[in-house]
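Presented below is the structure to which this report refers.
Basis for what follows: all heavy atoms, side chains included, without hydrogens, waters or symmetry-related copies. Just so you know, ligand 1 is whichever comes first in the structure, and atom 1 is the first atom listed for that ligand.
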Amino acid sequence: MQKQQKELLKVTELKQYFPIKGGILGKTINYVKAVDGISFTIYEGETLSIVGESGCGKSTTGRAILRLDEPTSGKVEFKGEDLLSYSKKKMNQERKNMQIIFQDPYASINPRQTVRQILNEALEIQNVVPKKERNQRVIELLETVGLGEHQLDRYPHEFSGGQRQRIGIARALSVNPELIVADEAVSALDVSIQAQVINLLKKLQREFQLTYLFISHDLGVVRHISDRIIVMYLGKIVEIADKKSLFKNPKHPYTKALLSAIPSTDVEKEKQRIILGGDVPSPINPPSGCRFHTRCPFATELCKTEEPKLRRMDMMKEGHQAACHFIETVEANEKQPIL
Ligand code: SF4
């Protein structure tokens, strides 16, 4: 459940289509519909996670919100201001309020710079600290993320993967952001290191009242950090719920399959694993109707023609919502597909 109800970021009907060029003239012949009309809100102080298989559009959503890629259409409001109407210059200034941590910290840090230079540069670009105070701020930042002053003049390659991610976090924190988009931020790390970085993120959230958009393919990881969770499939949101409700009572057949795939030591749970047939279809020509119908064991003719809208499953504000024509039937036939 969200900790506070004050909206920080509101996304409305966001679309991100990437053109495919072809022919001798290099004209646009089609589009990859990576994100196709999604809407959601992030509240101050919460961690909202987006999960789904590779290609579902979760990372594209994070990049579109920060305008690292220009969205095709839709609305992104940060504290009520329409980010898509900002000039490039104004957006660059606004980015100090919205930072991103990548899976691979090398994507955002210069491997030829020392940690001191990396953090100093971030402070200099956004001019958040007077020059004479920068060195002290750099030391504080490093200590905040669990590293030490003695490591300031080392290069990124001298650190482990977990330590490098801590540098990426320090860099994001350096400009005092309100929102951090963590894009598969712990996916490349060993499980024990993942836990350390997640604990660090949670500690920083409490200390600095941060809001997170946490993007991951791993529901097991998402479980440890989220307040609410969005499940995406092929550019669409198929389910949104608070963490407890999603894990205890998932509604959408796709969410059920994802949850059943989380490794467990419980033999009974392992036996109930739902194996989805086939691969995720191409986002160039997504299936008609419900995009999940080609893999859904409960699909009917209606699913092939009519797109299900997100429906409320409870009466709570921003409560449990899922997009499936047959949720009630699926629940009644949990162990028995309709067809
Ligand atoms: Fe499956 Fe149909 Fe529900 Fe889509 S709408 S998830 S195809 S039952």
Side-chain angles (χ1 to χ4, degrees), residues 13-17 32-40 48-58 60-61 215-220 222-223 226 228-262 269 271-316 318-339:
E13 280 300 310
L14 183 71
K15 289 187 183 177
Q16 182 73 70
Y17 291 2
V32 175
K33 299 179 181 101
V35 174
D36 205 2
I38 64 170
S39 303
F40 61 90
L48 176 67
S49 294
I50 306 184
V51 288
E53 290 164 289
S54 166
C56 71
K58 55 190 186 302
T60 308
T61 301
I215 295 165
S216 175
H217 67 280
D218 187 342
L219 261 171
V222 157
R223 180 178 215 153
S226 313
R228 291 187 302 133
I229 299 170
I230 288 175
V231 181
M232 281 186 76
Y233 184 79
L234 215 52
K236 296 272 185 188
I237 292 176
V238 297
E239 190 155 1
I240 310 181
D242 67 77
K243 175 176 68 178
K244 200 168 158 200
S245 188
L246 191 99
F247 276 86
K248 213 172 156 197
N249 194 11
K251 301 289 184 187
H252 197 280
Y254 178 59
T255 311
K256 288 175 195 273
L258 285 185
L259 284 172
S260 82
I262 298 175
K269 273 192 184 161
K271 275 190 208 160
Q272 289 164 12
R273 179 171 281 205
I274 302 165
I275 310 285
L276 289 176
D279 293 324
V280 181
S282 164
I284 299 172
N285 288 309
S288 58
C290 174
R291 293 189 176 187
F292 188 53
H293 85 251
T294 55
R295 300 170 80 199
C296 180
F298 302 98
T300 68
E301 282 305 311
L302 176 73
C303 305
K304 295 178 188 170
T305 53
E306 201 170 301
E307 186 183 333
K309 302 278 176 248
L310 278 171
R311 288 193 280 145
R312 287 207 173 172
M313 300 290 118
D314 56 29
M315 298 310 287
M316 308 255 297
E318 297 290 332
H320 201 146
Q321 299 176 57
C324 169
H325 295 305
F326 298 111
I327 286 169
E328 295 75 11
T329 323
V330 168
E331 285 186 338
N333 294 273
E334 201 76 67
K335 294 191 172 74
Q336 208 179 337
I338 295 166
L339 291 180

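Looking only at side-chain heavy atoms (C-beta outward), Val231 and Leu246 come within less than 4.5 Å of each other. Side-chain contact check for Phe40 versus Thr61: some heavy-atom pair is nearer than 4.5 Å.
Atom 2 (Fe) of ligand 1 has Cys303 among its coordinating residues (N/O/S atom, backbone or side chain, under 2.8 Å). Taking 2.8 Å as the criterion, Cys296 does not count as a coordinating residue of atom 4 (Fe) of ligand 1, since none of its N, O or S atoms falls below it.
Each of the following atoms of ligand 1 lies closer than 4.0 Å to a heavy atom of His325: 3 (Fe), 5 (S). Ligand-side atoms of ligand 1 in range of Cys324: 3 (Fe), 5 (S), 6 (S), 8 (S), range being under 4.0 angstrom from any heavy atom. Close approach to Pro253 involves these atoms of ligand 1, each under 4.0 Å from a residue heavy atom: 6 (S). Per-residue contacts place Phe298 under 4.0 angstrom from the following atoms of ligand 1 (heavy atoms of the residue considered): 8 (S). Ligand-side atoms of ligand 1 in range of Ala299: 7 (S), range being under 4.0 angstrom from any heavy atom.
With sequence neighbours excluded, the residues satisfying side-chain hydrogen bond (donor to acceptor under 3.5 Å, both in side chains) with Ser226 are Ser49.
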Review item, side-chain donor-acceptor pairs of residues 286-298, under 3.5 Å, at least two apart:
from	atom 1	to	atom 2	distance (Å)
Ser288	OG	Lys304	O	2.5
Arg291	NH1	Leu234	O	2.8
Arg291	NH2	Asp36	OD2	2.4
His293	ND1	Ser288	O	3.1
His293	ND1	Cys290	O	3.0
Arg295	NE	Gly277	O	3.1
Arg295	NE	Gly278	O	3.4
Arg295	NH1	Glu53	OE1	3.1
Arg295	NH1	Tyr233	OH	3.3
Arg295	NH2	Glu53	OE2	3.4
Arg295	NH2	Gly278	O	3.3

*Could you walk me through whether Glu328 and Arg311 pass the salt bridge (charged side-chain N to carboxylate O under 4.0 Å, His left out) test, one step at a time?*
CA-CA 12 Å; Glu328 295 75 11; Arg311 288 193 280 145; 3.3 Å; yes
*Verdict with reasoning, Thr255 to Glu239, per side-chain hydrogen bond (donor to acceptor under 3.5 Å, both in side chains)*: CA-CA 7 Å; Thr255 311; Glu239 190 155 1; 2.7 Å; yes
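Nearest to atom 6 (S) of ligand 1 by heavy-atom distance, out of Arg291, His252, Lys251, Glu301, is His252.
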